[in-house]
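For reference, the structure discussed in these notes is given below.
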Amino acid sequence: IIQTFIVSCLQIFEGSFLVNIEIAFEPDKNWNNRMIKNKIGTFVQTKEFAASKKLFGATPIFLTFTDDSSEIIGQLVGFVYEKYQNHGKIGKILKSLPGTKNSLFRWFYGPVIFNETFSIEIQKELYKFLISKKYRVWGSSAPLSNYSFSNFKKTFTSLNWATFVLNLTDGKDVIWNNMEKNSARKNINRSQSRNVIIKQMKKNDLELFHNLSNDSKKNSQTNDLST
């Protein structure tokens, strides 16, 4: 059963567009179809990625944004992590202390916006949702999108970040020139000098990729959960 309820239906200011936000704990049947048809959609916004995060303790939350005719104009899957959720009895004690109950809401490369006319309103509705839930927040915008989280800056800290997502239609020269000289370009040149071979992954390479990914996370001492 999809648990869905309307949490907001508010005209932001006179002359703006009416945007609703709906929350569900399961994706609707067309979630992936909408996402993959959009130029800014990536695998981290699919229902399969959400299912993988759920295996490691996260609670996926599926947000859809609709206009006043109930047409879906944007969507986002985020993940709620309870504070101290993996700390056993000690975690339960810590959660009972004042100021330690706020959960983390985390998302990757979103929201995916299907109609950029509503970009500002969608961001404002997302902002109001996060504030109403009193979440701690860690999120990243879609790399190929034209929007920014300017409305978030009064409450949250904005940081520059790098991405593995590229627009291949830009051509090799543009992609190369947009790479950071002393990190990305340097590593590519080093790999070429070491005769590193790059090939397309096949099904029997998935286990190797998974192991390499986990080893990389351990080496970087990140707290992110395995996908």
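Keep in mind that what you see is a predicted model, and the values were worked out from it rather than measured.
Panel note: side chain Asp170, backbone Ile175; no donor-acceptor pair is recorded below 3.5 Å. Formation of a donor-acceptor pair under 3.5 Å by the Asn167 side chain with backbone atoms of Leu144 is not found in this model. In this structure, Arg106 contributes its side chain and Gly78 its backbone to no donor-acceptor pair below 3.5 Å. Looking at Trp107, its side chain does come within 3.5 Å of a backbone N or O of Ser140 through a donor-acceptor pair.
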Derivation of the side chain to side chain contact (heavy atoms under 4.5 Å, CB included) call for Ile73 and Thr66: CA-CA 5 Å; Ile73 54 176; Thr66 59; 5.6 Å; no
Please evaluate residues Asn32 and Glu48 with respect to the criterion side chain to side chain contact (heavy atoms under 4.5 Å, CB included), reporting the C-alpha separation (whole Å), side-chain torsions for both, the decisive distance (0.1 Å), and the verdict. CA-CA 9 Å; Asn32 280 3; Glu48 288 80 10; 2.8 Å; yes
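Note on Lys54 versus Glu26: salt bridge recorded, some NZ/NE/NH1/NH2 to OD/OE distance being below 4.0 Å. Using a cut-off of 4.0 Å between Lys/Arg side-chain N and Asp/Glu carboxylate O, Glu121 and Lys124 are scored as not salt-bridged. One finds a salt bridge joining Asp28 and Arg34 here, because a Lys/Arg side-chain nitrogen approaches an Asp/Glu carboxylate oxygen to under 4.0 Å.
The aromatic rings of Phe108 and Phe79 are tilted relative to each other, their planes meeting at an angle between 30° and 60°. Note on ring orientation: taking the six-membered ring where Trp is involved, the planes of Tyr109 and Phe164 are tilted (angle from 30° to 60°).
Using modelled atom types, one finds a donor on one side chain and an acceptor on the other under 3.5 Å when comparing Glu180 with Ser183.
In the hydrophobic cluster analysis, where Ile, Leu, Val, Met, Phe, Trp and Tyr join through side-chain heavy atoms closer than 4.5 angstrom, Ile188 is grouped apart from Val165. Val174 and Trp176 fall into different hydrophobic clusters, where Ile, Leu, Val, Met, Phe, Trp and Tyr residues are linked whenever their side-chain heavy atoms come under 4.5 Å apart, directly or through other members.
If you look at Phe114 and Phe65, their ring centroids are not closer than 6.0 Å.
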